[in-house]
Amino acid sequence: MGVALSLVLVLLPDAWRAALVEGLRETILRPVFALQRTGLERRDRLADPAALRAERDSLAAVVVARGSLEAENRQLRRLLGLAQRLGSGFVAAVATNVPERATDGLFLLNVGRDDGVQPGMPVVTGAGLVGMVVNVEGRRSVALGWMHRNFAASAMTADGQAYGIVRRPSSGLLGLEGTALVLAGVPRHQSLRPGTLVVTAGRGGIYPRGIPIGWVEGEIPDPSPWQRSYVVRPAVHPGAIDYVLVLGPGRPGLVTEDLLARWGLSAVPVSADTMPTTLPASSNSVPVQPARRPSAQPRLTPPVRRVEPPSRPAAPVEVPNIVGPPAPAPRPDTGTRPDTLPP
Amino acid sequence: MPWTLLFVDLLLVALHVVLRIGMGLGAAAPDLLVVALLLSARALAPGAAAWLGFALGIVDGATLPAELFGYSALVLSVLGYLAARVRPVVAEGPLFLLIYLFLGKLVFDVLFYSLTGGLVRLGLVALLIAAPASALYASVAGLLVWLTVRRAWT
């Protein structure tokens with residue numbers, strides 16, 4: 001009889017059997033299934049910390065990766081914008097650290113002589129000046145960044161009021177090596193406000209005029225009674241030197257151009273007597289326009305006139321060997337018009 | 001004796017569902033429903049053993065997917081009937097009981113898999129490995145139950 005009844009159960013329609021199962025589970029087996037649910041919930045709760053930790057780690061990895069991607073994207077967009085403004089006369093390159101020389105401020109570029117790159121060509125990013133090419137091979141080259149001890153460039157404030165030389169701080173000076181530059185040789189009577197934008201002056205035939213170098217942070221003592229020195233926070237962070245542009249290939253006259261507008265900047269109109277000559281202009285003519293931080297770059301108007309920079313020198317800076325020790329520090333922007341440098 | 005059997009059966013059924021369903025052990029817990037049926041069949045008439053198998057099969061079917069409902073009842077009722085039938089030829093003693101429980105569980109698995117298509121789905125693995133292993137596990141558990149109950153009785 002039990003066997004026959006079992007056969008009847010087997011032959012019942014699926015819906016009826018499902019209803020029977022549901023009924024049994026809701027009645028005599030209800031405590032068992034309640035126990036099962038409790039056990040599953042407890043197991044889920046116990047498993048939660050590990051699962052949550054794993055999810056958190058995965059999320060952190062995604063966020064970190066996304067952060068670097070966003071930074072890279074921002075950097076590339078900025079570079080792309082600069083490239084569009086430049087139009088021509090540059091080569092895009094990827095910069096990597098020179099093995100075992102990363103802290104020296106030298107880095108490798110994946111472009112070389114075959115791409116038209118020559119020693120002395122400026123290297124920039126969308127933020128500003130990085131340095132210059134110092135050693136060129138067929139398909140690669142070595143560039144010297146502003147972190148290098150041999151780096152120096154003639155500089156001026158964006159409004160053309162004050163001139164000087166930007167170089168790496170002397171050893172031990174305020175612990176600024178590798179993180180800041182010093183704008184030296186500014187006449188004593190010219191005081192710069194923190195936040196003033198410093199750009200290349202276009203003197204010396206290496207760097208075209210108007211490439212952002214950094215922002216004045218504050219004054220530091222200068223041994224000379226006739227000059228002032230300022231700490232300059234570089235516009236290009238060393239960690240952001242990944243994608244760069246080498247200026248010059250296919251555009252021989254680039255070094256004589258004023259690139260201030262290419263960075264979306266322009267200078268305040270200044271009177272003729274304040275324009276760079278052998279002596280910096282008087283501070284009484286036009287007050288120094290303090291520049292803002294990189295997040296809000298200054299919008300200045302074009303200059304009335306400017307001094308035509310000299311042509312590019314044949315060998316402006318001694319080329320350091322990649323594998324050998326760095327060459328002795330050359331005079332910045334040497335060999336050309338020393339009389340135009342600030343006293 | 002019947003009341004004791006009923007108590008032991010209820011205890012084994014409760015243990016079975018608690019271990020397999022409540023605690024989520026699944027096949028890691030021995031099949032105590034078959035053990036309860038086979039042990040009870042040694043003291044019951046074939047008809048009563050078939051009814052007991054039917055009842056245990058209903059419980060077992062309620063823990064399985066709905067499309068398998070009824071198959072456990074069918075197989076267990078047949079198994080109960082057969083187990084009660086072969087009682088006279090099964091000798092007393094732990095070893096014989098172990099073999100009896102092993103074969104009973106093996107027959108249950110083979111019949112159940114055959115009826116539900118599991119034998120085709122799982123193939124020889126189920127027949128040669130899973131079913132004997134499960135049968136051995138259940139028979140050892142049944143032997144322990146039998147030894148415990150007999151000691152309590154004596």
Side-chain angles (χ1 to χ4, degrees), chain A residues 1-70, chain B residues 10 13-26 29 32-33 37 40-41 44-85 108 111-112 114-117:
Chain A
M1 189 63 184
V3 176
L5 202 55
S6 303
L7 277 172
V8 172
L9 282 179
V10 170
L11 297 175
L12 281 177
D14 286 348
W16 291 23
R17 286 194 290 170
L20 282 172
V21 168
E22 188 66 26
L24 287 167
R25 288 180 180 178
E26 290 297 323
T27 52
I28 60 171
L29 290 177
R30 188 185 179 95
V32 177
F33 281 96
L35 181 65
Q36 183 191 38
R37 274 193 299 274
T38 307
L40 288 174
E41 288 171 1
R42 187 182 298 116
R43 192 165 54 191
D44 285 347
R45 278 200 296 274
L46 290 175
D48 266 349
L52 286 175
R53 201 173 297 120
E55 286 178 7
R56 184 202 60 192
D57 293 346
S58 301
L59 193 62
V62 169
V63 168
V64 168
R66 188 173 175 180
S68 65
L69 280 177
E70 283 178 353
Chain B
L10 287 176
V13 169
L15 263 177
H16 178 86
V17 294
V18 165
L19 290 175
R20 286 209 165 192
I21 309 299
M23 299 184 70
L25 293 179
L32 296 178
L33 288 182
L37 176 65
S40 301
L44 294 175
W51 276 113
L52 178 63
F54 175 76
L56 295 177
I58 293 291
V59 173
D60 191 40
T63 65
L64 299 173
E67 62 267 21
L68 299 180
F69 185 71
Y71 289 101
S72 290
L74 177 61
V75 175
L76 283 177
S77 57
V78 170
L79 185 65
Y81 179 82
L82 292 177
R85 277 287 182 193
F108 170 80
L111 285 177
F112 185 79
S114 303
L115 287 174
T116 57

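Every chain is numbered from 1 and lettered A, B, ... according to where its sequence line falls, protein lines coming before strand lines. Being a predicted model, the structure only gives us computed values, none of them experimental.
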Chemist: Specify the closest pair of heavy atoms between B:Gly47 and B:Tyr81, including all atoms of both residues, with the distance to one decimal.
Modeler: N-CD1, 4.5 Å

Chemist: Any idea which of A:Leu7, A:Leu35, A:Asp14, A:Val8 has the most non-hydrogen atom pairs under 4.5 angstrom with chain B?
Modeler: A:Leu35

Chemist: Side chain from CB out, backbone as N, CA, C, O: work out which of these in A:Leu5 comes under 4.5 Å of a heavy atom of chain B, or both, or neither.
Modeler: both

Chemist: Between B:Ile58 and B:Phe69, is there a side-chain heavy-atom distance shorter than 4.5 Å?
Modeler: yes

Chemist: Given the options B:Ser72, B:Ala73, B:Gly53, B:Gly80, which has more heavy-atom pairs under 4.5 Å with chain A than any of the others?
Modeler: B:Ala73

Chemist: Indicate yes or no: at least one non-hydrogen side-chain atom of A:Leu20 is less than 4.5 angstrom from one of A:Leu12.
Modeler: yes

Chemist: In terms of heavy-atom pairs under 4.5 Å, which option from B:Leu64, B:Val18, B:Val59 contacts chain A the most?
Modeler: B:Leu64

Chemist: Taking the side chain as C-beta and beyond, is there a heavy-atom pair between B:Leu32 and B:Val13 under 4.5 Å?
Modeler: no

